[in-house]
Amino acid sequence: MYKILTLNNISSLGLQRLPREDYEIGSEISQPDGILLRSFKMHDMVIPDSVKAIGRAGAGVNNIPVDQMSSRGVPVFNAPGANANAVKELVLAGLLMASRNINSAMKFASGIEGDDAAISVAVEAGKKNFVGSELPSKTLGVIGLGAIGVRVANAALSLGMKVVGYDPLISVQSAWQLSSGVEKAISLDHLFTQCDAVTVHVPLIDATRGIVSAERLKLMPKGGIIVNLARGGICDDTAVLASLNKGHTSTYVIDFPTAELMKHPKVLAFPHLGASTNEAEENCAVMVADSVRDFLDDGTVVNAVNFPEAFMPRNGGTRITIANANVPNMVGQISTLLANAGLNIADLLNKSRGDIAYTIIDLDGDISEETVAAIRGINGVLSMRTLPSKA
Ligand SMILES: NC(=O)C1=CN([C@@H]2O[C@H](COP(=O)(O)OP(=O)(O)OC[C@H]3O[C@@H](n4cnc5c(N)ncnc54)[C@H](O)[C@@H]3O)[C@@H](O)[C@H]2O)C=CC1
Ligand SMILES: O=C(O)C(=O)COP(=O)(O)O
């Protein structure tokens with residue numbers, strides 16, 4: 001029986017992927033084998049040694065101490081692309097709200113008093129204050145062309161916008177999905193000089209903190225729109241507020257409001273709503289629950305942010321899995337210990353990613369506590385699991 005601790009509400013469709021005969025799931029579980037979460041901030045939490053896998057039902061993992069988990073040999077899974085359409089739709093909503101002054105126009109409309117005739121007069125007199133502009137004549141800059149950025153770029157093109165993209169680390173998969181109509185910016189500065197609106201879709205990491213800066217905002221034409229549904233911190237909020245106050249930037253659409261941002265009339269603040277659709281919540285929960293279950297049951301690794309992909313069909317016997325530092329002779333030391341214990345290797349898979357290597361070994365016999373302890377004792381072994389034979 002595996003124990004799963006949930007730190008946020010996880011869609012029941014996802015939790016149903018963990019059969020109750022094998023999985024106990026709850027928000028108060030101690031000594032869990034796995035953790036499922038969304039945006040819960042784990043950095044200040046003491047993560048029990050019992051934890052073997054963490055599953056983020058979403059994309060961003062900046063709320064999880066991934067490096068610490070890597071050094072403990074614990075994979076962190078996420079759900080790549082599972083909420084991308086939801087975010088794309090909210091980006092488009094934000095762009096349209098900003099360019100048509102929808103928020104202030106609605107506030108005006110809801111503040112009108114009087115009978116129907118008076119309302120009609122006020123509406124017709126007041127609408128001139130909310131004249132907007134249309135998207136087709138405008139250029140959108142998309143920073144980060146991953147699951148979300150590609151969808152936003154393609155959708156904006158289909159709405160008639162010119163689209164300029166920037167992503168020096170673009171994956172082959174994203175490059176295949178990106179419309180050939182999206183132009184490539186040679187640098188971030190190059191992107192900002194061309195764009196009436198800029199939207200960010202990068203993870204919050206050191207390299208992306210503050211990339212929407214005072215200097216870059218000045219490069220944009222007057223009246224520009226900034227959309228940040230990625231993470232607070234990617235835009236320099238102080239610089240954006242200064243640019244709004246000067247009348248250079250027209251609107252800041254943000255999914256991560258702060259006290260200062262929320263009270264500004266030119267800020268459209270959403271309550272971290274990007275991934276909050278039934279579809280996205282279900283997609284994310286199902287995807288990450290499957291990854292955590294496949295790892296706990298069989299040692300398979302799919303969609304981990306810190307481990308290599310690893311899949312080997314079960315041959316029926318006992319399986320051991322080992323995460324270790326990616327240095328020479330680890331597999332040699334492990335197989336020597338197995339040979340010394342008289343254990344034959346039926347199948348072996350060894351994969352590496354950055355500093356971590358991961359090995360799956362199916363054995364022709366049962367492994368003793370002593371041999372397990374010896375493997376765990378090899379310098380560089382970060383974690384080891386023994387999975388009972390499967391009929
Ligand atoms: N508001 C919300 O509810 C949501 C917010 N997000 C945020 O959006 C971010 C992006 O999500 P996805 O598109 O699903 O992730 P993704 O991993 O598919 O795409 C991220 C892209 O950013 C690019 N990138 C990384 N560093 C860069 C840099 N320095 N300059 C330019 N590009 C860079 C990568 O190459 C990748 O193509 C997440 O990390 C998360 O922080 C994601 C989902 C929901
Ligand atoms: O997937 C992401 O990165 C998100 O920001 C979504 O967060 P949430 O799952 O809605 O708390």
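For ligands, and for the atoms within them, numbers begin at 1 and follow the listed sequence.
- Within 4.0 Å of ligand 2, heavy atoms belong to protein residues Arg38, Ser39, Arg56, Ala57, Gly58, Ala59, Gly60, Asn83, Arg231, His272, Ala275.
- Between Phe307 and Phe295, the ring planes lie perpendicular to each other; the angle is over 60°, past the 30° to 60° tilted range.
- Thr318 and Asp366 form a side-chain donor-acceptor contact under 3.5 Å, judged by distance and modelled atom types alone.
- Nearest protein heavy-atom neighbour of atom 28 (C) of ligand 1: Thr208 CG2, 3.9 Å.
- The heavy atom nearest to atom 22 (O) of ligand 1, out of those in Pro203, Ser174, Gly146, is found in Pro203.
- Taking all heavy atoms of Asn62, Ile148, Leu188, Asp167 into account, the minimum distance to atom 35 (O) of ligand 1 is reached by Asp167.
- At least one side-chain heavy atom of Ser39 sits less than 4.5 Å from a side-chain heavy atom of Arg56.
- Within the structure, salt bridge (Lys or Arg N to Asp or Glu O under 4.0 Å) pairs that include any residue of residues 290-312 comprise Arg17-Asp290, Asp290-Arg293, Asp298-Arg314, Asp298-Lys390 (at least two apart or interchain).
- By the 3.5 Å distance cut-off applied to N or O atoms, Asp255 is counted among the residues near ligand 1.
- Of the candidates Ile234, Val202, Leu273, it is Val202 that places a heavy atom closest to atom 9 (C) of ligand 1.
- For ligand 1, the polar-atom distance check finds an N/O of His272 within less than 3.5 Å of one of the ligand's N/O atoms.
- Considering both main-chain and side-chain atoms, Pro168 never comes within under 3.5 Å of ligand 1 through any nitrogen or oxygen pair.
- For atom 17 (O) of ligand 1, the nearest protein heavy atom is 4.0 Å or more away.
- Summarising the contacts of atom 7 (C) of ligand 1 with Gly81, Ala230, Ser39, the nearest heavy atom is found in Ala230.
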Please set out all donor-acceptor pairs under 3.5 angstrom arising from side-chain atoms of residues 220-227, sequence neighbours excluded.
from: Lys222; atom 1: NZ; to: Gly247; atom 2: O; distance (Å): 3.1

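- No donor-acceptor contact under 3.5 angstrom links the side chains of Glu260 and His264, judged on distance only.
- Pairs passing the salt bridge (Lys or Arg N to Asp or Glu O under 4.0 Å) check and including a residue from residues 332-353, sequence neighbours excluded, do not occur.
- Ligand 1 places these atoms under 4.0 Å from at least one heavy atom of Val87: 4 (C), 43 (C), 44 (C).
- For atom 3 (O) of ligand 1, the candidate residues are Ala275, Ala280, Ala185; the nearest heavy-atom contact is made by Ala275.
- Checking only distances, Phe256 never comes within under 3.5 Å of ligand 1, N or O to N or O.
- Of the polar atoms of Gly149, none of the N or O atoms is found under 3.5 Å from an N or O of ligand 1, judged by distance alone.
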